[in-house]
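Accompanying notes for the structure given below.
Numbered from 1 within each chain, the chains take letters A, B, ... in sequence-line order.
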Number of protein chains: 2
Amino acid sequence: MSSENTKEKILLSARKLFVEYGFAGTSMGQIAKLAQVNHSLIFHHFENKEKLWLAVKQSIVKEKNQQSKMLPSTDQPFYDFLYALVIKSIKFYRDHPDIMRMISWQRLERSHEEVISLTLSSETQSWINAFKHYQQCGEVNPQLKPEFIVVFVLSIVHVAASDHTVFTQTLANEDAYILFCVERIQKALG
Amino acid sequence: MSSENTKEKILLSARKLFVEYGFAGTSMGQIAKLAQVNHSLIFHHFENKEKLWLAVKQSIVKEKNQQSKMLPSTDQPFYDFLYALVIKSIKFYRDHPDIMRMISWQRLERSHEEVISLTLSSETQSWINAFKHYQQCGEVNPQLKPEFIVVFVLSIVHVAASDHTVFTQTLANEDAYILFCVERIQKALG
DNA sequence: GCATTAATTGACCAATCAGTCAATTTCAAC
DNA sequence: GTTGAAATTGACTGATTGGTCAATTAATGC
């Protein structure tokens, strides 16, 4: 069963390089070298570069869907729920940096392809339902559109998890910022 | 003075292609073709691909600093200030899509280079001062760290301006969402 | 053990890559 | 009008690109 093994090796090497350097920035030669397989083997197993890219993307989608950040219980007070949600989301992004990078590459250099949609929006619906629940409890302002709340919260979480270097070179005390976010979101939605 | 003209043509074509396809995804041949100049002329005017990239980046930084989104007056009530700030920022991003794309390319494929820092953080200080002012007025909670406020607001604005397709395929009524953001931020910071 | 299928190899391809260079043209100053 | 410098050209390079293909090797089913 060396076949599946090498195919896996190629896929892993391709993933490493694609995530790091993107589609255009990665060559088949580099992938072969990293995977320590013959150049032509890649084409035998994955037809061409496009297909290999899609295979890598699919493997990331799969990983994302498997280890999907489960929603915290909605039985607890809203603040606890929100805190757990934010922490869990940030941890998820931190633990799976490939996903965010792949999404970014896709948006920049492969925005035309929609065959496999690699987005963060797949779990939106369960988030919406959770917020609706807290609106019925009276812990969240019932006049607010749940869809807006989700985008609002996700924006903040997304930047907190990975992106804040865009806005400030250094953000002293990241943990304090996360706490800040949770408290401000609660206040905003209450 | 055809010289400066062709140099400008090359720079504009390079910018168009770099912004669209990134560094690795753009070839000198493509640039020459688009600029309708001889291939070798590019090297005469810009030495090599790296230098050309830096020149493009610098031209974008220049444009950004010139047409920098001025801070709204802090003489008005906080809500009006905040609303103007958000609208202005979003409009700025929408009117200058090259800037955001270039920042994204830089972060993905050229994270090593810091010669010219193309960031959104250059105006952070004036934002901080504005928020401090409203904290003294009592319109913004004085216990909140101004640095945190800036990152918090910028996260929301950034996504509202360009990014929300990451989270939801379609966000019905974007204007309503912007209003939603302003109101929620005000509540969060009050 | 034999036949069939799949995995693996290395040689090869045309196209494209960034970059060089000598020769020529253009232009401006005197 | 001559001269010197800069702009422009086209031919060229060696390396790399994605991809093919026939031949060889290894694994599998019977």
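- When rounded to the nearest whole Å, the span between NE2 of A:His45 and P of D:dG19 equals 16 Å.
- Counting only heavy atoms from C-beta on, B:Phe43 has its side chain closest to C:dG19 among C:dG19, C:dG10, D:dA7.
- The NZ-P distance, from B:Lys9 to D:dA7, rounds to 15 Å in whole Å.
- Comparing atom distances between the A:Asn38 side chain and each of D:dT9, C:dA18, C:dG10 picks out C:dG10 as nearest.
- Remark: side-chain polar atoms of A:Glu109 are paired, donor with acceptor, to backbone N or O of A:Phe23 under 3.5 angstrom.
- Whole-Å rounding puts the A:Lys33 NZ to D:dT16 C1' distance at 12 Å.
- Between the A:His158 side chain and the A:Leu154 main chain, no donor and acceptor come within less than 3.5 Å of each other.
- The closest donor-acceptor contact from the side chain of B:Tyr134 to the backbone of B:Thr74 lies under 3.5 Å.
- Nucleic acid contact for B:Ser27: sugar-phosphate only, since backbone atoms but no base atoms lie under 4.0 Å from a heavy atom of the residue.
- Residue-environment remark: OH (B:Tyr83) stays at or below the threshold of 12 foreign heavy atoms within 6.0 Å.
- Rounded to an integer number of Å, the gap from A:Leu17 CG to D:dT16 P is 16 Å.
- In this structure, B:Lys49 places its NZ atom 8 Å from P of C:dG19, rounding to the nearest Å.
- Atom CZ in B:Phe23 sits about 12 Å away from atom C1' in C:dC17, given to the nearest Å.
- Proximity note for B:Ser40 (side chain, C-beta onward) versus D:dT9, C:dT9, D:dT17: the nearest is D:dT9.
- Checking A:Glu50 against B:Val37, the closest nucleotide of DNA chain D that is more toward the 5' end is the one next to B:Val37.
- Straight-line distance from the CG atom of A:Leu41 to the P atom of D:dA22: 17 Å, rounded to whole Å.
- A straight line from CD1 of B:Ile42 to P of C:dC17 spans 11 Å, rounded to a whole angstrom.
- Closest to the side chain of B:His44, from the set C:dA18, D:dT8, D:dG18, is D:dT8.
- Of the candidate nucleotides C:dG19, C:dC17, D:dG18, C:dG19 has the atom lying nearest to any side-chain atom of B:His39.
- Phosphate contact (OP1/OP2 of D:dT8, side-chain N/O of B:Thr6, threshold under 4.0 Å): present.
- Judged by distance alone, the side chain of A:Thr26 and the main-chain N or O of A:Leu17 form a donor-acceptor pair under 3.5 Å.
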